[in-house]
Peer 1: 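To start, I am sharing the structure in question, which I have written as C-alpha cells.
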Number of protein chains: 2
Amino acid sequence: MNRAVTLSEVAREAGVSPSTVSRILNGTARVNDTKARQVRLAIEKLGYTPNTFARSLATGASGSIGVLTPDIASPFYNDALSGIERGLMGSGYSPIIISGHWRTDEEEHAVALLLNRRVEGMIILGGQMPDHDLHALAARLPIGVLGRTIDLGAHGGASLAMDNRQSARDLVNYLIGRGHRVIGHISGPSDHADARERLDGYRDALEERGLRFDPTLVVQGDFQEPSGLIGMQRLLQSHSNMTAVFVANDQMAYGARLALYRLGLRVPDDMSLVGFDDLPGSSYTMPPLTSVRQPMGEMGQWLARYILSRLRGETIEPFEPRQELMLRESVASRRSR
Amino acid sequence: MNRAVTLSEVAREAGVSPSTVSRILNGTARVNDTKARQVRLAIEKLGYTPNTFARSLATGASGSIGVLTPDIASPFYNDALSGIERGLMGSGYSPIIISGHWRTDEEEHAVALLLNRRVEGMIILGGQMPDHDLHALAARLPIGVLGRTIDLGAHGGASLAMDNRQSARDLVNYLIGRGHRVIGHISGPSDHADARERLDGYRDALEERGLRFDPTLVVQGDFQEPSGLIGMQRLLQSHSNMTAVFVANDQMAYGARLALYRLGLRVPDDMSLVGFDDLPGSSYTMPPLTSVRQPMGEMGQWLARYILSRLRGETIEPFEPRQELMLRESVASRRSR
DNA sequence: ACTGTACCTGAAAGCGCTTTCAGATTCCAT
DNA sequence: ATGGAATCTGAAAGCGCTTTCAGGTACAGT
C-alpha cells in the first residue's frame, strides 16, 4: 500500500504553506483565488485525501455517531438503521454500527469501542443494557434510544418507544369486536419488556370486555418462527374452541401460520391470526397478516436528527410515533351467538 | 462533555513516563511489575481510555475494515454482514458499514469515505461499481467481493460468487423432472447481472431438455414483491396451460404467491412455484417455498478471514461456496401424459 | 505622502499517542 | 571485583492536521 499523500506535500507542490491548504480545504478563511486554484490543482494531481485521524485529533471532533443495534441482521431493527442513515445523510456525520447480539456484555463492549472511537453521539436500538448505564452515557454525550421507555431528561437524550401495551390492547379489542371470545396468545420471552407489555395489553383488553383471562390460553415463545409453530400446536391441542390467536410478533406468527397449514386449518376461516411489528413480509403472507406497525424508519430518522440538533445546539420539534393497526385478511368475523 | 483523560495524565499520576504507559498498554516491552501495577491503578482511577485517533495517527493502522453493502436493510445481504462480524470478532479489527443504495455515485462516495477513514481492507457486497474501480481498489488494499464474478488476481483480492446460471438451471431442471412442461419465469431487472444469469440458466435447462424457449413465458420484474404479483397475473392471463413458475428471487415469489391466492389457485396443486435466494422467511411461507440457498453468512465470514489473513501476511485455504437446492413443498409432481 | 484598517498568509505550537535512541541499572561470568 | 551483556526506562521526535498569532501587503482616508 503506497504511502498516502499528505497535506504538506500538497502545500509544497502548490508553493504555499500547509496552513493555507488547510484553510482552503475547510473554507476556514478567505484565500487568494489564484492560490486556491493552484492548491486545488495540486490536490488533483497528487490525488490527495485528508487523513481523518489527524484531523479528528487536531479538532477533537470525530464526525461519527455510534449506533448500537441488537442484531445487524434483524429485519425489525434494520428499518431503523435505514432511517438513521437517512437522517444523517448530508450532515457530514456518519454512523458507526455495531451489534450487541442481545447480550449485555457485548453491548458494553460495543459501547466502549464506540467511546474509544470518540463518537459524538450515540443511538441505542432496543437492547439489554441497564437503565443506569444509559443514564451514565447520556451524561457524557447526546444519545437517542429506540424501543425503550426511559426518561433521560431533556439534557441527556431522547427516547422513542411505542406503547406496546396499548397496541396489543387495540389488537385484541379488534379481535373481540369481530366476535372472537376464546383468544389465545403466543407471548415473547418473559424477560423481554416488549413481550411483557404485549401480554399485559392482551389481559387489559380481555378484562375490559369482561372476558376471563385464562393462563392456559397463553404459551410462551422466544420471538423466533419455530417457537410460534410449537406454540400454536400446543394451543390447538388444549383449546379446540379457540377461534383466534394473538401472536406477540410477526416472526412467531409465521411459524404459527405454518402449524395451521400443516393441520389443514384455514386462515382466517378456521382460525384468525394477528401478529405484531408488521414486518415487510407480512403484507405477503397467506393471507396477508393483520399486525401493528411501528414507524421504525421514521423513528430512526428522527433520532438521528435529534442527535444532530443537540450537537449543533439547536432544538428540534418532538416526535410522537404513532403505531398503526394494519388490518389485513387474517381475521374473520365470527357470528356472535 | 468532560475532556477525556490522556495518557500523559496517567503517566504523571503513576509517576512514570508516557512511554512506559504506552508500553504497558500495548505490551510492547517488558516493564517492571510494580510500575505496571501503579499504572494500571492510575488508569483505573482516572478512567482512562486511549484515543483511537492519536493511536492510529501514530501507528498508521486504523484497525478497521470497510464494508460496502447495497442496502443496510436488505435481508439478502444482511446475512453476509453477520458473517463478516463473526469473521472479524476477536481480531481487533472492526467493520465500518456503509450502504451504497444500489447507486454508483453513492458507492463511490462511500468508498472514498472508507478510504479517508483509512480502512485497512474492504469488503464489497454486490453493488454496481464498475470492475475497473474494483481493480484499482484491489491495488491499494486487500479487498473481498461477494456476489460478483471478477478476477482480482492473487495479489489484489478475492471474490466469492455463486453460479447463478447453474443453480437456475438445476432448479428448472428439477421442475422439468417433476413433469412440468410449460414453465413461466419472472425475471429480475435486465441490467442486473444476477438476473441475466438466472434467466440464462432457465433457458439452458429448457433447451437441454428439448423444450422450446418461449419469450412470452418470461415477464420482467424488479426483484421486489409487487412486481412478482403483477408478473404472475400477466403470466396467468396469457398462459392458461402453465403449471409452474420459476421466480428469479424469493421476494418476487412472495408477490407471485399472493397473486395466486387472490385468484384462488392452490400451490402446489394448481401451480408450482420456485424462488431463488432462500430468504429466512421462505421456510415459513404457505407452503414452504422451494428455492436455492447461497451460504451468505459463511461467505461473509470467509471474506473477513481472508482480509485478516492478507493483513497478517498469512494465507488461507480457499472457500468454495456451494449453493444448495432447498426442496420444499411448493412444487407438485405432474403426471406426465 | 502617511496613518489606520482590513485582509491574507506563514511559522509554530499542539492534538494524544508510538517508537527510536541512548542512558541507567541490573545481572552474570570470570 | 570487573567487564560486558541484558534489561528497563525516559526524552524527544514525529504521525498529519488545525489554529493561534503575528507579520506583510494593499487600500482608503486625510
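This structure is a prediction, so every number in the text was calculated from the model and none was measured. Proteins come first, then strands; the chains are lettered A, B, ... in the order of their sequence lines, and each starts at number 1. Atoms considered below: every heavy atom in the structure, side chains included; atoms not considered: hydrogens, waters and symmetry mates.
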Peer 1: Can you give me the N/O atom pairs linking the protein to nucleotides 6-13 of chain C at distances under 3.5 Å, or say none if there are none?
Peer 2:
from	atom 1	to	atom 2	distance (Å)
dC8(C)	OP1	R30(A)	NE	2.9
dT9(C)	OP2	N32(A)	N	2.7
dG10(C)	OP2	S17(A)	N	3.2
dG10(C)	OP2	S17(A)	OG	3.2
dG10(C)	OP2	T20(A)	OG1	2.5
dG10(C)	N7	R23(A)	NH2	2.6
dG10(C)	O6	R23(A)	NH1	3.4
dG10(C)	O6	R23(A)	NH2	3.3
dA11(C)	N7	S19(A)	OG	3.4
dA11(C)	N6	S19(A)	OG	3.1

Peer 1: Taking only N and O in the side chain of S22(A), is any of them less than 4.0 Å away from OP1 or OP2 of dT18(D)?
Peer 2: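 Checking dT18(D) against S22(A), a side-chain N or O does come within under 4.0 Å of OP1 or OP2.
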Peer 1: Between C1' on dC15(D) and CG on L7(A), what's the gap in Å once rounded to a whole number?
Peer 2: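 To the nearest whole Å, that distance equals 13 Å.
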Peer 1: For N26(B) and dT18(C), what is the distance between atoms CG and C1' respectively, to the nearest whole Å?
Peer 2: 8 Å
Peer 1: Between P on dC15(D) and CZ on R118(B), what's the gap in Å once rounded to a whole number?
Peer 2: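 Spelled out: CZ on R118(B) to P on dC15(D) is 14 Å.
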Peer 1: Take atom CD of E44(A) as the centre, draw a 6.0 Å sphere, and report whether it contains more than 12 heavy atoms from other residues, nucleotides or ligands.
Peer 2: no
Peer 1: Measure from CD on E9(B) to C1' on dC15(C) and round the result to the nearest Å.
Peer 2: 13 Å
Peer 1: Over how many whole Å does the gap from I43(A) atom CD1 to dC17(D) atom C1' extend?
Peer 2: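 My rounded result for the distance is 13 Å.
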Peer 1: Partners of R86(A) by salt bridge (Lys or Arg N to Asp or Glu O under 4.0 Å), sequence neighbours excluded?
Peer 2: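 R86(A) satisfies salt bridge (Lys or Arg N to Asp or Glu O under 4.0 Å) with no other residue.
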Peer 1: Any side-chain donor-acceptor pair under 3.5 Å between T20(A) and S17(A)?
Peer 2: yes
Peer 1: Identify the heavy atoms of A29(A) and R23(A) that sit nearest to each other, and give their distance.
Peer 2: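 Result for this residue pair: CB-CD, 3.6 Å.
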Peer 1: CG of L25(A) versus P of dG16(D): gap in Å, rounded?
Peer 2: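 Value for this atom pair: 15 Å.
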Peer 1: Check the angle between the aromatic planes of W302(A) and F319(A) and answer parallel, tilted or perpendicular using the 30° and 60° thresholds.
Peer 2: parallel
Peer 1: Can you tell me the distance, in whole Å, between the CD1 atom of I24(B) and the P atom of dT7(D)?
Peer 2: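 My rounded result for the distance is 18 Å.
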Peer 1: Checking Y306(A) against L160(A) for the side chain to side chain contact (heavy atoms under 4.5 Å, CB included) test, could you report, in this order, the C-alpha distance in whole Å, the side-chain angles of both residues, the deciding distance, and whether it holds?
Peer 2: CA-CA 11 Å; Y306(A) 167 77; L160(A) 244 38; over 6 Å; no
Peer 1: Tell me: CZ of R117(B) to C1' of dG16(D), nearest whole Å?
Peer 2: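 To the nearest whole Å, that distance equals 16 Å.
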Peer 1: Nearest 0.5 angstrom please: Y77(B) OH to D71(B) CG, how far?
Peer 2: 10.0 Å
Peer 1: Taking only heavy atoms on the protein side, list every residue of residues 54-66 of chain B lying under 4.0 Å from any atom of DNA chain C, sorted numerically.
Peer 2: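 Correct list: A54(B), R55(B), A58(B), T59(B).
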Peer 1: Distance-only, no hydrogens or angles: does the D79(A) side chain make a donor-acceptor pair with backbone N or O of P295(A) under 3.5 Å?
Peer 2: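 No.
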Peer 1: List the steps and the verdict of side chain to side chain contact (heavy atoms under 4.5 Å, CB included) for L303(B) and I84(B).
Peer 2: CA-CA 7 Å; L303(B) 283 175; I84(B) 292 172; 5.5 Å; no
Peer 1: With a cut-off of less than 4.0 Å, is there a side-chain N or O of N51(A) near OP1 or OP2 of dC15(D)?
Peer 2: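 So the side chain of N51(A) is outside the cut-off, no N or O lying under 4.0 Å from OP1 or OP2 of dC15(D).
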